[in-house]
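Below is one structure, written out as structure tokens; comments come after it.
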Amino acid sequence: MERQDLNTFIRQRMENLNWLREKGYSGYGDKYPTTHGAGQVQDNFAQLEGQEVSLSGRLLSRREHGKAMFGDISDQTGTVQLYLRVNSVGEDNFSIFQSLDIGDLIGITGEVFKTRRGEITVNVSSFSLLAKSLRPLPEKWHGLKDVDLRYRQRYLDLIVNPEVRDIFARRSKIIAAIRRFLDSREFLEVETPILQPIPGGGNARPFITHHITLGRDLYLRIALELYLKKLIVGGFERVYEIGRNFRNEGFSHKHSPEFTMLELYQVNTDYEDMMELTENMISLVAREVLGSEIIEYQNININLTPPWKRMTMVEAVREFTGVDFSEVDLEEAVDFAEEKGVKIKPGMSWGEILNEFFEQKVEENLIQPTFIMDYPVEVSPLARKIDNQPGFTYRFEGFIAGLEVANAFTELNDPLDQRERFARQVAQREAGDEEAHMMDEDFIRALEYGMPPTGGLGIGIDRIIMVMTDSKNIREVILFPPMRPEE
RNA sequence: GGGCCAUUAGCUCAGUUGGCAGAGCACCUGACUUUUAAUCAGGGUGUCCCAGGUUCGAAUCCUGGAUGGCUCACCA
């Protein structure tokens, strides 16, 4: 018990429970076989009128009328009104029902009818207390708003705020639709290690954990990439994984230290194919789950219908800042950064500065779905260089509503080039960049055996779900977002 | 990590110039056999986030701390 001193509300409920126990009820009854959900009763009234149904759920409100009583019972499918009369259940049962508290879990059986006011209602003939609720629920009208409580006690949020339940039901449907899409294209779903000796595939500080019997530290993965590409080397031609990544970084409305990524790899494709796959997948999922490719996000209509807009990073930076990097050298780039208020660090290369221009000045403006193509090689250590422009890579990111939702490239499969890229990352690491990649000798060794030309794609699942549930904070789409410990 | 804001009853929130701690819902007592944010008559259930300080007197002012939100910086 977390508090010695139970407050008045809990004490009252305990007293109600004790009163029932004196009458021989445990307060925690047996399973209650049901015939329908509350939502089904609502939806199928025409067929169910006059028939007996059994439901179980939470008693959410009560309106007493002397020798009769109305209430609302809520289950996963919805809410339906119940009606209880002394004549129907007898005085003893009626007084037992009166002793129930809001929040108690009950089973009810009775005929379906419609009240004078037109409300579909179950006329209870028998009921059972399935589980006593000892704590008072938040207010029925305003719901639970305190976000700290909502996230820490998500179960309460789900009980009281039905729209929250809808978000997570939709999350499940979106992920199921993505799996259907990939399975229908003969991708193989796989699982790769979360505990890794070398966390690779992204720029991020990892979480460190410790394996006791091995006597060594391990890292939680920051990306799925390298292991999945090892599977491509191994001969799987289409693989994907949907899983949790962990990055030891702060929170924001679009960042959570643990988040869900989809990564997929397909041989004999390139980033052009990945763009098509991305726009086809997202638009199809929207159609299946939301019934439309045009969705509303924060009062803006977003049209997910392919083809999505495509621009190179240089074009995008030119359009939104007026600075044309195709005619700017490093020195001029530094001057323009000053002029345009782009924050850069000393020693940054031309490509890194271009990337800063993009991230600081362009990203937030990409509301309609847009692919930004051809990223500088310095910020893309796992992507293949563009044949006639070695400073750039066959890489794109997809943006919706200013959120980066996709990251993909024609995979680098030249082990010699890959070793040089890693070496450069390691040098940055030694110069103090804790987020630079580490050398991964096993990954290089795999590439040395030969990896076919492959396109790879990463999708930020939480962000896609934000867009499709009109949520402006990533924590609204994660059931139990990471929080500081209580107390 | 920086800046701004918030924290008062179970929940949602008021609280004036520093002067007895408030409302709605929930809850308790009573009335009511088709109500529905049921209604009617009564009842306030509290570590005003925490610890100090100023003051005759602090929810209110000051200092420090905790937690949360927004925002900036880094990342997807």
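Model, not experiment: these values are computed from the prediction.
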OH/Tyr25(A): more than 12 non-hydrogen atoms of other groups inside 6.0 Å: no
Nucleotide nearest Arg247(A) (side chain, heavy atoms from C-beta), chosen from G68(B), C75(B), U35(B): C75(B)
Phosphate contact (A73(B) OP1 or OP2) by Lys343(A) side-chain N/O below 4.0 Å: yes
Residue-phosphate contact under 4.0 Å: Arg117(A) side-chain N/O, U36(B) OP1/OP2: yes
Contact under 4.0 Å: Arg63(A) side-chain N or O vs U35(B) OP1/OP2: no
Candidate nucleotides G68(B), C28(B), G10(B), ranked by approach to the side chain of Arg475(A) - the nearest: G68(B)
Stems formed with participation of RNA chain B [Watson-Crick or G-U wobble, under 3.5 Å, three or more pairs]: B:1-7 with B:66-72, B:10-13 with B:22-25, B:27-31 with B:39-43, B:49-53 with B:61-65
Options G10(B), G69(B), C75(B), nucleotide nearest the side-chain atoms of Lys254(A): C75(B)
Nearest-neighbour nucleotide for the Glu359(A) side chain, C28(B), U35(B), C75(B) considered: C75(B)
Pairing of Asp146(A) and Arg150(A) as salt bridge, 4.0 angstrom limit: no
U35(B) phosphate, OP1 or OP2, under 4.0 Å from Arg116(A) side-chain N/O: yes
Whether Tyr394(A) and Tyr271(A) hold their rings parallel, tilted or perpendicular, with breakpoints at 30° and 60°: perpendicular
Trace of the side chain to side chain contact (heavy atoms under 4.5 Å, CB included) decision for Val164(A) with Arg154(A): CA-CA 9 Å; Val164(A) 173; Arg154(A) 183 67 94 176; 3.9 Å; yes
Closest to the His65(A) side chain, choosing from C75(B), C32(B), G24(B): C32(B)
Nucleotide nearest Phe113(A) when distance is taken to its side chain, options C74(B), U34(B), C28(B): U34(B)
N/O (side chain, Asn473(A)) to phosphate O (OP1/OP2, C70(B)) under 4.0 Å: yes
